[in-house]
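Heavy atoms only: backbone and side chains are in, while hydrogens, waters and symmetry mates are out. So that the names make sense, note that chain A is the first sequence line, chain B the second, and so on, each numbered from 1. Predicted model, so just to flag it, every value in this text is computed and none were measured.
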2 protein chains.
Amino acid sequence: MSREAGSWTDLATEALARAGFRSGGGRSQVLELLATQGCALTALEIDRRLPGVGRATVYRALDQLESLGLVQRVDLGSDAAGYERLDPEGHHHHHIVCERCGKVVPFEDAALERAIKRVSHQASFDVAEHDVTLRGTCARCSG
Amino acid sequence: MSREAGSWTDLATEALARAGFRSGGGRSQVLELLATQGCALTALEIDRRLPGVGRATVYRALDQLESLGLVQRVDLGSDAAGYERLDPEGHHHHHIVCERCGKVVPFEDAALERAIKRVSHQASFDVAEHDVTLRGTCARCSG
DNA sequence: ATGACTGCAAAGCCTTTGCACGCAA
DNA sequence: TTGCGTGCAAAGGCTTTGCAGTCAT
């Protein structure tokens, strides 16, 4: 029922291997970094934290991981897109963003998920993913 | 209880005047174009549809209208941000986007809104707005 | 040995900024 | 007349692409 801490990494590595990707390069480093993050990171932040990995490699890796459904891209209103790991069938969170200071806080809500699931089924689209973003002012900035 | 068709334009024009903005220029044209649209338009699309108006003016106008709460910016996954009018306290919709062809379809759902409203109140943030995006494949692209 | 993968640098695209002219008030 | 508003062009920032060298298999 419960998984080890590194399970997403294992799952992702396996999925990459199955898809015919090689391991050991920059892509693996991107993957491992994302595994340790609870929330979204921008491509440039990832690039900054992986000095040995080129920027292009980071973007290419994120693209591939997203195609495989291992990573989700999220738009949080800033100029740069955020990327975070996507737990298969597991809990997933959404984001509240402070329009003043840019702070991002994740949250989960079961009722919200249910509503979205229902809408998704009703739609004529075959809905694969979704995201919800709340925007406002954080306690510190309101204060 | 009901409003005339042009009410949002009137409301927006009034809000602009109250905020000390002048009228008659490119900003008014941007405003009038958005008034006729049911869904989001990108800045570049707006620029293309308003030949006499410069691109910078379009971006500046959208920024101002957004600050006044008359327009909402929405990220639909494409490179360019979308903008659509925001009815004050009125119905508002969200979007389903086809990842294959880019088609955007609006939808409304009361239960979803209720869930979001509840989450917004629980949060430590002062939530001002929100948006929900569903992504998948449209009927036509699913084949 | 082979070709997937990578880094670097250049190019692309959306968006913002600087500046001088024009028009609403 | 005043200074807000505008258009044009240049600059800025994120992302993608081209290309040749490198490394996993």
Side-chain angles (χ1 to χ4, degrees), chain A residues 12-34 40-68 70-84 99 102 104, chain B residues 12-34 40-68 70-84 99 102 104:
Chain A
T13 303
E14 193 186 318
L16 284 172
R18 204 169 13 196
F21 287 102
R22 289 181 182 174
S23 65
R27 181 171 44 230
S28 301
Q29 293 183 53
V30 170
L31 188 153
E32 277 164 28
L33 173 56
L34 285 177
L41 237 48
T42 67
L44 262 41
E45 284 168 346
I46 295 172
D47 179 54
R48 214 173 296 135
R49 296 208 198 178
L50 299 175
V53 181
R55 189 164 301 178
T57 297
V58 170
Y59 279 103
R60 283 188 279 238
L62 290 172
D63 224 40
Q64 296 160 343
L65 291 170
E66 193 190 9
S67 297
L68 289 171
L70 298 168
V71 157
Q72 172 155 25
R73 177 190 161 142
V74 293
D75 280 307
L76 298 177
S78 69
D79 334 278
Y83 294 85
E84 62 191 11
E99 293 179 305
V104 176
Chain B
T13 303
E14 192 185 319
L16 284 172
R18 201 168 16 193
F21 287 102
R22 291 180 181 173
S23 65
R27 181 170 43 229
S28 302
Q29 292 183 55
V30 170
L31 188 154
E32 277 163 29
L33 173 56
L34 284 177
L41 236 47
T42 67
L44 262 41
E45 284 168 346
I46 294 172
D47 179 53
R48 214 173 297 135
R49 296 208 199 178
L50 299 175
V53 181
R55 190 163 301 178
T57 297
V58 170
Y59 279 103
R60 283 188 279 239
L62 290 172
D63 224 40
Q64 296 159 342
L65 292 169
E66 193 188 10
S67 296
L68 290 170
L70 298 169
V71 157
Q72 172 155 26
R73 178 190 160 141
V74 294
D75 279 308
L76 298 177
S78 69
D79 333 278
Y83 294 86
E84 60 190 13
E99 293 179 304
V104 176

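- The stretch residues 40-54 of chain A touches DNA chain C through A:G52, A:V53, A:G54, each having a heavy atom under 4.0 angstrom from the strand.
- Of the residues in residues 70-77 of chain A, none has a non-hydrogen atom less than 4.0 angstrom from any atom of DNA chain D.
- Distance, A:D79 CG to C:dT16 P: 8 Å, rounded to whole Å.
- Contacts classified as salt bridge (Lys or Arg N to Asp or Glu O under 4.0 Å) and involving residues 56-67 of chain B (residues at least two apart or in different chains) are not found.
- Shown here are the side chain to side chain donor-acceptor pair (under 3.5 Å) partners of B:Q72, two or more places apart in sequence or in another chain: B:E129.
- The side-chain hydrogen bond (donor to acceptor under 3.5 Å, both in side chains) pairs that include a residue from residues 16-28 of chain A are A:R27-A:Q64, where partners are two or more places apart or lie in different chains.
- Considering only side-chain N and O atoms, B:R27 lies under 4.0 angstrom from the phosphate OP1 or OP2 of D:dG5.
- Comparing B:Y83 and A:R55 against DNA chain C, the residue whose closest nucleotide sits nearer the 5' end is A:R55.
- Of all non-hydrogen atoms in A:Y83 and A:L34, the two that sit nearest each other are O-CD2, 3.7 Å.
- If one axis is set at each end of the helix from C:dA1-D:dT25 to C:dA25-D:dT1 from five pairs, those axes are 30° apart, to 10°.
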Please encode protein proximity along nucleotides 17-25 of chain D as a string of B, S and -, counting only heavy-atom distances under 4.0 Å.
BB----BBS
Check step by step if side-chain contact (heavy atoms from CB on, under 4.5 Å) holds for B:L31 and B:V71.
CA-CA 9 Å; B:L31 188 154; B:V71 157; over 6 Å; no
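- For B:R73, the salt bridge (charged side-chain N to carboxylate O under 4.0 Å, His left out) test picks out B:D75, with sequence neighbours left out.
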Please tabulate, for the side chains in residues 46-59 of chain A, all donor-acceptor contacts under 3.5 angstrom to protein atoms that are two or more places apart in sequence or on a different chain.
| from | atom 1 | to | atom 2 | distance (Å) |
| --- | --- | --- | --- | --- |
| A:D47 | OD1 | A:R55 | N | 3.4 |
| A:D47 | OD2 | A:R55 | NE | 3.1 |
| A:D47 | OD2 | A:R55 | NH2 | 3.3 |

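- When the side-chain contact (heavy atoms from CB on, under 4.5 Å) test is applied to B:A19, the partners found at least two apart in sequence or on another chain are B:F21, B:L68.
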